[in-house]
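Inspection log for the structure reproduced underneath, given as structure tokens.
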Amino acid sequence: QVQLAESGGGLVQAGGSLRLSCAASGRTFSRYAMGWFRQAPGKEREFIAGITWSGYNTYYTDSVKGRFTISRDNAKNTVYLQMNSLKPEDTAVYYCAAGGEYYDSTRFYTQDSEYHYWGQGTQVTVSS
């Protein structure tokens, strides 16, 4: 079992930065891929960034490439999302998730259904 809790959301002006954290409890955190998703009002939840269990490989949806960076610290059971050059269209509830197969570095997990554990979400609002 993995329990996840996001923090770091808030209100920021366009062009600004935020760093989201996702703290995990449970001994199996380091075995899983981690992902960040977001859901804007009236829209489906979408994948935005993922990282393999080791942290060696990261992957992003096109809309955030070059602006967002995902990282993890397995010793601290924490995954991060550094968000720079924020835009109003980045406004959403941001969720972290743990999933995939144990110790799998061969696949990039981008679908909701591939993740087993979810946090409660943190609101990010970007004003223009």
Side-chain angles (χ1 to χ4, degrees):
Q1 274 285 45
V2 177
Q3 294 176 331
L4 304 172
E6 302 94 338
S7 61
L11 174 65
V12 64
Q13 287 189 329
S17 298
L18 281 175
R19 188 194 198 202
L20 305 184
S21 298
C22 174
S25 62
R27 295 179 296 172
T28 58
F29 166 79
S30 63
R31 305 177 189 179
Y32 289 112
M34 295 297 296
W36 283 97
F37 291 73
R38 67 186 180 189
Q39 187 167 21
K43 294 189 176 181
E44 302 258 327
R45 186 162 58 188
E46 64 169 340
F47 167 84
I48 55 171
I51 188 166
T52 54
W53 69 272
S54 62
Y56 289 158
N57 294 308
T58 59
Y59 40 104
Y60 303 89
T61 194
D62 287 346
S63 62
V64 308
K65 277 181 186 175
R67 299 189 299 123
F68 291 10
T69 302
I70 187 172
S71 61
R72 69 189 295 165
D73 185 337
N74 285 345
K76 295 182 178 180
N77 274 15
T78 303
V79 64
Y80 305 97
L81 185 69
Q82 177 67 43
M83 305 186 295
N84 298 328
S85 302
L86 282 161
K87 305 175 181 180
E89 52 264 42
D90 294 318
T91 295
V93 178
Y94 284 69
Y95 299 91
C96 67
E101 300 294 325
Y102 276 4
Y103 300 123
D104 181 13
S105 295
T106 64
R107 290 178 54 196
F108 292 164
Y109 296 94
T110 62
Q111 304 300 310
D112 283 33
S113 58
E114 295 174 317
Y115 286 85
H116 315 309
Y117 306 104
W118 292 83
Q120 82 288 350
T122 186
Q123 176 70 45
V124 171
T125 303
V126 184
S127 63
S128 56

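- Here the side chains of Y32 and Y117 are in contact, with some heavy-atom distance below 4.5 Å.
- Closest of all the heavy-atom pairs between M34 and A98 is SD-CB, 3.4 Å.
- Remark: L81 CG to Y94 OH distance equals 7.5 Å, nearest 0.5 Å.
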| task | With side chain to side chain contact (heavy atoms under 4.5 Å, CB included) as the test, would you mind laying out the steps for Y80 and T69 before giving the verdict? | result | CA-CA 8 Å; Y80 305 97; T69 302; over 6 Å; no

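- In this structure the side chain of D90 reaches within 4.5 angstrom of the side chain of R67, judged on heavy atoms.
- Atom CG of D104 sits about 10.0 Å away from atom OG of S54, to the nearest 0.5 Å.
- No more than 12 heavy atoms of other residues, nucleotides or ligands sit less than 6.0 Å from atom CD of E101.
- By the neighbour-count criterion of 12 heavy atoms within 6.0 Å, atom OH of Y102 is densely surrounded, having more than that number from other residues, nucleotides or ligands.
- The heavy-atom pair separating L20 from G9 by the smallest distance is CD2-N, 3.6 Å.
- Atoms NZ and OG1, from K65 and T58 in turn, are 10.0 Å apart once rounded to the nearest 0.5 Å.
- Using a 4.5 Å cut-off between side-chain heavy atoms of Ile, Leu, Val, Met, Phe, Trp and Tyr, with links allowed through other members, W118 and V124 fall into different hydrophobic clusters.
- Taking 4.5 Å as the limit, some side-chain heavy atom of V64 sits within range of a side-chain heavy atom of R38.
- When all heavy atoms of P88 and A14 are compared, the closest pair comes out as CD-CB, 4.1 Å.
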| message | Let's go through Q120 and E6 carefully: what are the C-alpha distance in whole Å and the side-chain angles of both, what is the deciding distance for side chain to side chain contact (heavy atoms under 4.5 Å, CB included) to 0.1 Å, and is it a yes or a no? | response | CA-CA 7 Å; Q120 82 288 350; E6 302 94 338; 3.0 Å; yes

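- Not one N or O on the side chain of R45 forms a donor-acceptor pair closer than 3.5 Å with the backbone of V93.
- Using cut-offs of 30° and 60° for the angle between ring planes, the Y115 and F37 rings count as perpendicular.
- In this structure, R72 CZ and S30 OG are separated by 7.0 Å, a value rounded to the nearest 0.5 Å.
- Between F29 and D73, the closest heavy-atom pair is CE2-O, 4.3 Å.
- Taking CD1 of I51 as the start and SG of C96 as the end, the distance is 12.5 Å to the nearest 0.5 Å.
- Considering L18, L11, V12 as possible partners of V126, the one that fulfils the side-chain contact (heavy atoms from CB on, under 4.5 Å) test is V12.
- Of all the heavy atoms in S21 and T78, the pair that sits closest is CB-CG2, 4.4 Å.
- For the pair L86 and F68, the minimum side-chain heavy-atom distance is below 4.5 Å.
- Ring centroid separation for the pair Y59 and F47 comes in under the 6.0 Å cut-off.
- Of all heavy-atom pairs between Y109 and A33, the closest is CD1-CB, 3.8 Å.
- Here the side chain of Y95 pairs no donor or acceptor atom with the backbone of Q39 at under 3.5 angstrom.
- Atom NZ of K87 sits about 8.0 Å away from atom OG of S85, to the nearest 0.5 Å.
- Side chains of S105 and W53: a donor-acceptor N/O pair is present below 3.5 angstrom, by distance only.
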